[in-house]
Asker: 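So that we are looking at the same thing, I have put the structure below in structure tokens.
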Protein chains: 2
Amino acid sequence: MLKENQLRKVAASRPQMNLAHRPAPIPGSFGVMERIGSQMKFGRNQEIFGENEPAEYVYKVVKGAVRTYKILCDGRRQIGAFYLPGDIFGLEIGKDHQVSAEAINDAVVLVIRRSAVVSLAERDCRAARELWIFTGRELHRVQEHMMLLVKSAQQRVACFLLEMSERLATTDAVELPMSRQDIGDYLGLTIETVSRTMTQLVSNHAIGLSTSRHIVLRNRKALRELNS
Amino acid sequence: MLKENQLRKVAASRPQMNLAHRPAPIPGSFGVMERIGSQMKFGRNQEIFGENEPAEYVYKVVKGAVRTYKILCDGRRQIGAFYLPGDIFGLEIGKDHQVSAEAINDAVVLVIRRSAVVSLAERDCRAARELWIFTGRELHRVQEHMMLLVKSAQQRVACFLLEMSERLATTDAVELPMSRQDIGDYLGLTIETVSRTMTQLVSNHAIGLSTSRHIVLRNRKALRELNS
DNA sequence: CGGCGGCTTGATCGGTCTCAAGTACGGTGG
DNA sequence: CCACCGTACTTGAGACCGATCAAGCCGCCG
């Protein structure tokens with residue numbers, strides 16, 4: 001697991017910013033981002049920023065998916081969050097990033113200077129309030145994630161699938177952008193346990209698996225009731 | 001564990017606010033709290049607010065200690081944080097509290113109307129910024145707490161002791177305000193595992209235990225190196 | 001002194017991890 | 001079009017860590 005990650009890191013190189021290109025506004029919070037931000041592309045597993053690096057920019061996913069993570073002392077990787085199109089990430093209160101961020105697959109990300117956001121908030125109370133609300137939502141998300149980590153493997157996987165379904169599916173079918181390794185590192189489980197648990201859910205008729213990443217939620221109620 | 005908690009709850013009754021008493025300012029963030037807040041006392045295990053109740057107030061510990069928690073579907077209790085003198089808690093972005101809060105021991109808490117804080121932030125960008133920074137610190141704290149929950153029992157307990165020592169000790173001796181049950185519910189471990197782990201740390205000469213709550217950090221380096 | 005709550009210790013159980021092997025799938029080259 | 005390869009995923013057997021169940025201890029207070 002460590003080796004895989006290390007390899008990824010070596011492969012990742014810093015991209016040039018395409019500052020010339022001013023994209024059209026996209027709906028969502030931080031309206032300012034769309035006006036003064038610029039777009040960047042990142043390849044699969046490419047690093048977007050690293051832990052402890054200066055937090056110079058704020059990011060918004062346009063296309064693709066992004067993971068943030070920390071590496072533990074024993075080499076394990078704990079994924080802090082998955083960010084999907086429309087999600088903002090990388091906004092820090094302090095000087096440096098608390099986590100690393102990588103593209104999960106080929107991704108397009110809108111980038112804006114943090115200083116622009118912060119200085120706007122110093123003049124405009126409504127912008128400041130938006131910052132506060134954004135960070136509050138992150139806080140809520142991390143609290144929920146923390147609650148996941150003290151549950152059983154079945155409960156964790158079920159919650160994960162329900163969350164992903166809500167975030168990126170309109171029907172009962174979900175196309176997961178991330179690998180079993182990513183899911184395991186998000187849930188604090190091994191890939192084997194994630195895989196076995198998925199298999200159990202299939203035999204319980206709670207989900208269907210056509211390919212390993214294409215999942216059909218056959219019985220949402222059963223999934224929810226695992227966390228009764 | 002559930003029973004114990006239920007009993008506590010039954011025992012707890014809603015206190016009257018002492019709105020007449022205006023305490024003298026106390027140093028710390030949210031300077032406004034000391035000017036327009038009022039003090040309340042809570043007995044051991046008394047509820048301060050409950051999950052899903054309207055978040056009408058923001059709180060600051062003056063004396064004693066407070067825990068916030070959620071009850072899981074299987075009856076376990078997950079403690080989200082311990083708040084010690086000087087700490088602010090209960091500030092929500094949304095309408096309702098996301099967690100419950102109880103006094104761990106007899107505690108004095110400064111209370112201020114949330115609406116006063118929020119409306120101030122609407123006029124004063126610096127106040128808005130303070131709110132943002134406070135929530136950002138909470139976010140950072142929860143992220144660290146989440147990282148704890150994927151570590152081994154020894155690592156969790158060692159981290160916990162180091163954290164408590166930094167927060168409430170000036171020397172190597174720490175007087176813990178909370179029970180083994182509280183520690184277990186904070187670390188996602190049972191009381192038995194917490195107790196056994198403490199015993200191990202004693203035999204490793206990493207800590208000393210005169211009473212169960214009076215702990216001496218004999219070898220901080222060893223504790224830190226458990227998380228190498 | 002007795003009783004009770006909080007803590008410790010012991011024995012056993014069970015869920016998840018580890019290590020190892022096997023399988024499915026997508027891409028690449030013949 | 002198929003053979004081959006590498007990567008991702010699944011499945012199995014056994015080990016291990018922490019949970020559970022049960023008993024005993026300590027300190028405090030009536």
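Bear in mind the structure is a predicted one, so any value in this text is a computation, not a measurement. Every chain is numbered from 1, with letters handed out A, B, ... down the list of sequences.
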Asker: When the C1' atoms of the five terminal pairs at each end define the local axes, what inter-axis angle does the helix from dC1(C)-dG30(D) to dG30(C)-dC1(D) show, to 10 degrees?
Answerer: 30°
Asker: Should the pair R213(A)-E175(A) be classified as a salt bridge under the 4.0 Å nitrogen-to-oxygen rule?
Answerer: no
Asker: Side chain of R213(A), heavy atoms from C-beta onward: which of dG6(C), dC17(C), dA8(D) has the nearest atom to it?
Answerer: dA8(D)
Asker: Just to be sure I understand the rule, does L189(B) reach a base, reach only the sugar-phosphate, or reach nothing, if contact means heavy atoms closer than 4.0 Å?
Answerer: sugar-phosphate
Asker: Does the distance from a Lys or Arg side-chain N to an Asp or Glu carboxylate O, for R77(B) and D182(B), drop under 4.0 Å?
Answerer: yes
Asker: May I ask you to say what G188(A) touches in the nucleic acid, namely base, sugar-phosphate or nothing, with a heavy-atom cut-off under 4.0 Å?
Answerer: sugar-phosphate
Asker: Take atom CD of Q181(B) and atom P of dT20(D), then tell me their distance rounded to the nearest Å.
Answerer: 11 Å
Asker: Is it true that Y59(B) and F49(B) have ring centroids separated by less than 6.0 Å?
Answerer: yes
Asker: Please work out if S195(A) contacts a base, only the sugar-phosphate, or nothing of the nucleic acid, heavy-atom cut-off 4.0 Å.
Answerer: base
Asker: Enumerate the residues from residues 146-156 of chain B whose closest heavy atom to DNA chain D is under 4.0 Å, giving them by residue number; use none for an empty result.
Answerer: S152(B), A153(B)
Asker: Salt bridge or not for R196(A) and E192(A), using N-O below 4.0 Å?
Answerer: no
Asker: Select base, sugar-phosphate, or nothing to describe what T199(A) touches, counting heavy atoms under 4.0 Å on all strands.
Answerer: sugar-phosphate
Asker: Using only heavy-atom distances, decide whether a donor-acceptor pair under 3.5 angstrom links the side-chain of R196(A) to the base of dT18(C).
Answerer: yes
Asker: Between R141(A) and E144(A), is there a side-chain N and carboxylate O pair less than 4.0 Å apart?
Answerer: no
Asker: For S210(A) and V194(A), take the nucleotide of DNA chain C holding the closest heavy atom to each; which residue's nucleotide lies nearer the 5' end?
Answerer: V194(A)
Asker: Among dT9(C), dT8(C), dG6(C), which nucleotide sits nearest the side chain of E192(B)?
Answerer: dT9(C)
Asker: Is E163(A) salt-bridged to R167(A), cutoff N-O under 4.0 Å?
Answerer: yes
Asker: Hey, is R67(A) close enough to E102(A) for a salt bridge, meaning N to O under 4.0 Å?
Answerer: yes
Asker: Taking the side chain as everything from C-beta on, heavy atoms only, tell me whether N52(A) gets closer than 4.5 Å to H97(A).
Answerer: no
Asker: Output yes when D74(B) and K151(A) qualify as a salt bridge under the 4.0 Å nitrogen-oxygen rule, no when they do not.
Answerer: no
Asker: Measure from CG on L209(A) to P on dC25(C) and round the result to the nearest Å.
Answerer: 12 Å
Asker: Specify the separation, in whole Å, of atom CG of D74(B) and atom C1' of dG15(C).
Answerer: 14 Å
Asker: Rounding to a whole Å, what distance do you find between R76(A):CZ and dC17(C):C1'?
Answerer: 11 Å
